[in-house]
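Below: one structure, written as structure tokens.
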2 protein chains.
Amino acid sequence: MSSGAAGTPAEIPVPLAHRVPDLGAMELLLAVARLGSLGRAARELGISQPAASGRLRALETQLGVALVRRSPSGSRLTDEGALVSVWARRVLEAAEAFDVGAQALRGRRDSRLRVAASMTVGEYLLPGWLIALHGRRPGTAVSLAAGNSAVVAQQVLAGEADLGFVEGLDVPSGLDSTVIGRDRLLVVTAPAHPWARRRVPLAAAELAATPLILRESGSGTRQVLDAALAPHAGPVPPLLELASTTAVKAATVSGAGPAVLSELAVAEELGTGRLTAVPLAPDLPLTRSLRAVWPAGHRPTGPARDLLSLTRG
Amino acid sequence: MSSGAAGTPAEIPVPLAHRVPDLGAMELLLAVARLGSLGRAARELGISQPAASGRLRALETQLGVALVRRSPSGSRLTDEGALVSVWARRVLEAAEAFDVGAQALRGRRDSRLRVAASMTVGEYLLPGWLIALHGRRPGTAVSLAAGNSAVVAQQVLAGEADLGFVEGLDVPSGLDSTVIGRDRLLVVTAPAHPWARRRVPLAAAELAATPLILRESGSGTRQVLDAALAPHAGPVPPLLELASTTAVKAATVSGAGPAVLSELAVAEELGTGRLTAVPLAPDLPLTRSLRAVWPAGHRPTGPARDLLSLTRG
DNA sequence: TCGGGTCATAAGCTGGGGTTATGAGCAGTG
DNA sequence: CACTGCTCATAACCCCAGCTTATGACCCGA
């Protein structure tokens, strides 16, 4: 209630960006680690050797730790540097995924491979595939259009996309498809919620009777949930109905109540312990398939086929 | 048309940091998404509203995509913006992990919880635990010392650390311990390598006879491998012997040959398809346990107990 | 002892990102 | 209706982070 603006004073004083070195510094650290020399790292990044020297020193003072042992014959990471470089690599890998996604989103019309993807696939799976695709077929230019399953189907049918990715129970007509994965919906709570320690699986009837934090009606997630709970007196009116997955996650993390979300959407939070998954009884088949689709009869060829083959791991 | 791409001469890529918006911009985008207004996002980040406006505009021009639909009554993400914000969230989550790790590494002497961790744990597992710990016990100050298992054991015994994390087959004497996980070693190759498509499991004898890319003798990984292959005529001399896990990964990705690495170390690469795991026969038990350790008889209490309980999440 | 590699320091320039001040557009309200 | 309060955008100014080039100290191998 009261949308709590006044209640929280200053929970987030300093932005993360000010506490963490920037991507360039991390990239520099990894280059030094890989090449064994400040100068060579500088050359690779297209900056001068003094610039690299200064930047690295600034990085070390910011972190308060010596990261590199310098010597007239080169530079090697310290133990702490090795640790930091792994954390940095994580960040840069996520940034690389961001980059390929954004590049595809820019969507040049003359791209050799035009992909249309649903949000779920585009958000969580596609960047990884694009990185892998780039590794195998470096020249491939990809453009990406995002939308719900209906839009994707329409784009593929109209020939505006070579390959589409949709989620849902039904295959749009006029398209051939193959299942490339399965998206399971999870019931998640904040770690403090009683259900977080729950061992006995949650049954459909109980879930149906519990007010939940949900996406609005019409979202893919909501459809699957409604269908699964319909046999059990349907879902009770939601505790909160929010417009974005992000909002649902935020509300759940802050302890507002249990939510139902795609496992893809909450993988991070589960990993870091901000959310906990509740065990589900077998009568709760909260799952939908992810499909690749293409115009009926026209099996994907060339880059589309390459991408498709990547999606089966 | 036809300008640009074809002309690119050498392998001198623009640094990732120049192609990707900086962390501040990503943070801003997420704040706008969450708060629904540029001005409020600006306030949360401690900058002025025009600064946020300009930064966001710059972000959009850099990506070539409209991310936010502005209106006199607030701002909402476009579809593309929603996509980008998820990718950005990934980056920021990795950055947050970096931050908590780095903060612990700075190691103030008066920290309430002093942790000593082996490289493997410190690199891949500890940041997640620290984030979760911070979520549950926000006040806890953590300091982190990193080193090999012997160093960790010594620090815990000397009372310089409240809790230690080690990997290996044996428990250092004088310490009580509990197994918190299992680190499996994987045989990995570049996707182009013949073994990458292999279906028939790799047997110990075959692995023992194959030149591999390995860490130097004495590393934890190497010890486990040597022990496992000793019964099968020991490992053949390595193809390459490199000083860091990073170097081994780089050599493997570039196709130099198969490598043996911790599953924790290659999780990213497997996910993004840069490396492929080779199925192993049951006679290859390449596994070691990860243990939490503390002085014999002194069960962890307080924050140490909190952290320990998180490791079984 | 010379040449080629390492890294650090010094001095100077530039621009990205910040600031304040101001104005326009739209939504409620008395 | 005009007033108030929110939204966002533009303009003019400022500062310092991070770049550059020039130079020097150190170490190693030929």
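In what follows, every chain begins at residue 1, and chains take the letters A, B, ... in the order their sequences are listed. The analysis underlying the following values was restricted to heavy atoms, covering all of them including side chains, and did not include hydrogens, waters or symmetry mates.
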Whole Å only: how far is the CD atom of B/E27 from the P atom of C/dG17? 14 Å

Separation of D/dT7 atom P from B/R40 atom CZ, nearest Å, is 6 Å

Is the shortest side-chain heavy-atom distance between B/L23 and A/L16 below 4.5 Å? no

Does B/S75 make a side-chain N or O approach to OP1 or OP2 of D/dC8 shorter than 4.0 Å? yes

Could you check how far CG of B/L35 sits from P of D/dC8, rounded to whole Å? 11 Å

Could you tell me whether the phosphate oxygens of D/dT7, OP1 or OP2, come under 4.0 Å of any side-chain nitrogen or oxygen in B/R70? no

Using a cut-off of strictly less than 4.0 Å, decide whether B/S53 has a side-chain nitrogen or oxygen near OP1 or OP2 of D/dA9. yes

Relative to the 5' end of DNA chain C, which residue comes earlier, A/G54 or A/P72, by the nucleotide with the nearest heavy atom? A/P72

Any side-chain N or O of B/S37 less than 4.0 Å from the OP1 or OP2 oxygen of D/dC8? yes

Rounded to whole Å, the CZ-P distance (A/R69 to C/dA8) equals 14 Å

Whole Å only: how far is the CG atom of A/L56 from the C1' atom of C/dT9? 16 Å

Distance in angstrom units between B/Q62 CD and C/dG17 C1', rounded: 14 Å

Any side-chain heavy atom of A/T78 within less than 4.5 Å of one from A/V68? no

Contact check, side chains of B/L77 and B/L29, non-hydrogen atoms, under 4.5 Å: yes

Please report the distance, rounded to the nearest Å, between CG in B/L59 and P in C/dG16. 15 Å

Whether B/R57 contacts D/dT10 is assessed here as follows: a side-chain N or O lying under 4.0 Å from the phosphate OP1 or OP2. Is that the case? yes

Heavy atoms, side chains only, cut-off 4.5 Å: are A/R274 and B/E93 in contact? yes

Please report, rounded to the nearest Å, how far the P atom of C/dG17 is from the NE2 atom of A/H18. 11 Å

Find every protein N or O atom lying less than 3.5 Å from an N or O atom of nucleotides 12-21 of chain D, and list the pairs.
unit_1	atom_1	unit_2	atom_2	d
D/dC19	OP1	A/R55	NE	3.1
D/dT20	OP2	A/S48	N	2.7
D/dT20	OP2	A/S48	OG	2.7

Between A/R106 (side chain only) and B/Q62 (backbone N and O only), is there a donor and an acceptor less than 3.5 Å apart? yes

Non-hydrogen side-chain atoms of B/D22 and A/D22 separated by less than 4.5 Å: no

Hey, does B/L130 have a side-chain heavy atom less than 4.5 Å from the side chain of B/V142? yes

